[in-house]
Amino acid sequence: MNVDEPPHPPALGRARSALRSLVPDLSPWRASRDFRYLWTSGCVTSFGSFLTLVAVPMQIKELTGSSLAVGLIGAVELVPLIVFGLWGGALADALDRRKLVLRAEAALGLLAGLLLVNALLPHPLLWPIYLVAALVAAADGLQRPALDSLTPRLVPHRHLAAAFALKSLYHNAASVAGPALAGVVVAFAGVQTAYALDVLTFAASLLLLVRIRAVPPATGAERPSVRAVLTGVRYAWSRKDLLGTYAIDVCAMLFAYPVAVFPFLASDLGADWALGPMYAASAAGALLVGATSGWTSRVHRHGRLLVVAAVGWGAAMALAGLSGSVWVVLLGLALAGGADEISGLARSTMWNQSIPDGVRGRMAGVELLSYSVGPQLGQVRAGTVAGLVGVRAAVWTGGVACVVAVLAVAAALPRLLAYDDRTDPHAAAVRAEHERAEREAERGPRADQATDLGTDQGTDQGTDRSTEPNPETPTGTTVAL
């Protein structure tokens with residue numbers, strides 16, 4: 001072979017490069033031991049939570065036979081989620097986020113245990129299920145802001161997009177496989193077994209989370225209070241690019257989240273067998289995007305990506321509503337799920353690239369409201385419109401309304417489209433903050449060694465140097481990590 005020839009044909013090199021661009025970026029996994037524990041914990045609890053998610057409505061149905069009684073679960077969860085989600089954001093900025101996550105995880109495990117105890121009674125009671133559902137929503141609201149704001153403290157700034165792609169990968173995998181597995185467990189082993197397995201997943205998750213290093217609040221962090229919550233809300237309002245991400249998320253879910261009418265849509269199409277695939281189609285589309293998300297690490301204009309993806313979500317839902325073919329409906333739902341996954345990755349990356357750590361928890365609380373309240377209201381809209389104009393019309397009109405609303409938000413908030421992580425001043429400030437913290441964390445061990453050496457030498461010479469400034473660490477500098 002001629003030594004001047006490349007070792008591989010150019011076409012083969014391009015093919016390998018294209019393949020690498022699709023494979024999920026594992027850099028966060030390799031770079032951070034703590035992220036590996038956090039990611040694995042999320043995998044375990046996601047599957048466990050789906051067991052309870054399926055078991056609770058099934059148990060209420062068996063106890064009451066009422067669809068209204070099943071629907072009340074969403075009602076009792078909404079207010080605690082809103083109130084404690086905002087308060088949890090303030091706590092996440094003022095306390096050690098690892099401790100907050102651990103305590104909330106332990107509380108959630110205890111609540112799953114209460115469901116198990118109630119299910120084991122000779123005659124299970126209904127009211128404890130509603131009470132536990134409300135308490136679970138409160139504990140989730142307290143935990144979620146700390147959990148969401150934990151990743152930026154565990155992963156280098158340059159790996160944030162890849163980290164959230166990896167987290168979405170296990171979430172979507174659980175969304176596809178979790179309900180199916182839960183259905184089998186509940187059908188063949190009963191709700192008691194589902195609750196027991198969920199308790200075990202919480203125990204396993206705690207064993208993983210306890211190995212993560214402490215993540216203390218920033219120096220001078222604001223104490224948790226109503227004023228602190230309002231400070232976070234004012235910061236969100238001042239950032240029109242962030243405001244655009246929240247508004248688009250709410251619009252997409254409010255107008256184009258027709259999950260509540262899926263049973264009626266399946267019947268309208270004469271395909272009752274398709275109800276299960278309808279629930280799984282969106283998650284399957286999202287999983288496919290997550291499994292080929294390597295390209296997202298090279299995106300810089302996340303605002304534009306968000307708008308395009310949200311328009312795609314609405315258009316795909318419109319397609320699903322307009323078609324009379326069950327296969328086209330399933331295709332539309334899968335395309336919508338893929339678009340929603342891209343939208344979620346764009347939002348998460350923008351949030352974590354450009355929000356300073358001092359308000360990150362409170363912003364996570366605001367984000368919790370945007371992606372939790374929207375689906376709740378969307379199901380109300382879908383059911384109401386379906387009763388007025390029909391099921392399929394409720395789906396396609398919602399998709400069209402989503403497209404119009406997203407484009408209107410993008411036009412009203414041009415800073416969203418202008419966002420570029422290479423030039424955005426907020427992203428630059430957060431990047432500098434992360435780099436400074438990483439440098440100080442690397443200097444810390446060397447500084448300690450120098451101090452120990454100086455103390456030993458001072459003792460040998462009869463001079464105490466332990467109070468002298470360390471040349472490796474400037475006076476007044478606090479090591480953040």
Side-chain angles (χ1 to χ4, degrees), residues 20-32 35 148-169 218 232 235-249 289-290 292-312 339-364 366-367 370-371 406 409-439 480-481:
R20 284 195 297 270
S21 70
L22 294 177
V23 175
D25 186 354
L26 299 179
S27 299
W29 181 276
R30 291 190 292 264
S32 173
F35 178 76
D148 289 347
S149 59
L150 197 59
T151 300
R153 293 286 296 273
L154 303 179
V155 175
H157 188 271
R158 62 186 179 279
H159 296 324
L160 284 177
F164 283 95
L166 290 175
K167 290 177 69 176
S168 70
L169 187 61
Y235 177 83
W237 182 260
S238 71
R239 291 279 308 276
K240 301 309 179 186
D241 49 350
L242 295 183
L243 197 62
T245 67
Y246 305 143
I248 284 180
D249 191 25
V289 170
T292 56
S293 60
W295 58 273
T296 59
S297 297
R298 293 185 293 280
V299 174
H300 300 286
R301 305 193 71 120
H302 298 95
R304 293 186 179 184
L305 181 64
L306 169 59
V307 171
V308 171
V311 168
D340 187 49
E341 173 69 6
I342 296 173
S343 170
L345 291 175
R347 291 195 309 271
S348 297
T349 304
M350 279 187 65
W351 294 339
N352 290 284
Q353 280 183 340
S354 65
I355 297 176
D357 191 68
V359 294
R360 186 68 195 88
R362 279 165 285 180
M363 292 301 95
V366 174
E367 293 150 18
S370 75
Y371 61 69
V406 168
V409 170
L413 299 171
R415 290 188 183 179
L416 175 65
L417 293 176
Y419 179 86
D420 187 326
D421 64 8
R422 296 166 296 188
T423 58
D424 182 78
H426 301 286
V430 171
R431 185 162 50 246
E433 178 184 9
H434 276 246
E435 291 172 352
R436 181 170 59 252
E438 290 171 9
R439 286 195 303 268
L481 297 182

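Values in this document were obtained by computation on a predicted structure and should not be read as measured data.
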Separation of Met350 CE from Asp241 CG (nearest 0.5 Å): 4.5 Å
To the nearest 0.5 Å, how far apart are NZ in Lys167 and CZ in Phe35? 7.0 Å
CD of Glu367 to OG of Ser348, rounded to nearest 0.5 Å, is 7.5 Å
Per side chain to side chain contact (heavy atoms under 4.5 Å, CB included), Arg347 is matched among Leu242, Asp249, Ile248 by Asp249
Spacing of Gln353 atom CD and Asp424 atom CG [to the nearest 0.5 Å]: 9.0 Å
Looking only at heavy atoms, the pair that brings Tyr235 and Ser354 closest together is OH-O, 3.8 Å
Closest non-hydrogen contact found for Met363 with Ala236 is SD-CB, 3.8 Å
Between Arg304 (side chain) and His300 (backbone), is there a donor-acceptor pair under 3.5 Å? no
What is the minimum heavy-atom distance between Leu417 and Gly303, and which atoms define it? CD2-O, 4.4 Å
Side chain Ser32, main chain Leu154, donor-acceptor under 3.5 Å: yes
In this structure, CG of Leu243 is separated from CZ of Arg239 (nearest 0.5 Å) by 10.5 Å
Would you say the side-chain atoms of Thr349 pair up with the backbone N or O of Leu345, donor to acceptor, closer than 3.5 Å? yes
Note: Ala339 and Gly312 closest approach over all heavy atoms is CB-C, 3.9 Å
Measuring from Arg360:CZ to Asn352:CG, what's the distance to the nearest 0.5 Å? 4.0 Å
Using a 4.5 Å cut-off on heavy atoms from C-beta on, say whether the side chain of Val406 contacts that of Val307. yes
State yes or no: are the ring centers of Trp351 and Tyr246 separated by less than 6.0 Å? yes
Look at the aromatic rings of Tyr419 and His302 and report parallel, tilted or perpendicular, splitting at 30° and 60°. tilted
Nearest heavy-atom pair of Ala309 and Ser343: which atoms, and what distance? CB-N, 3.6 Å
Heavy-atom pair of closest approach, residues Arg415 and Ser238: NH1-O, 4.3 Å
Taking the side chain as C-beta and beyond, is there a heavy-atom pair between Leu416 and Leu306 under 4.5 Å? yes
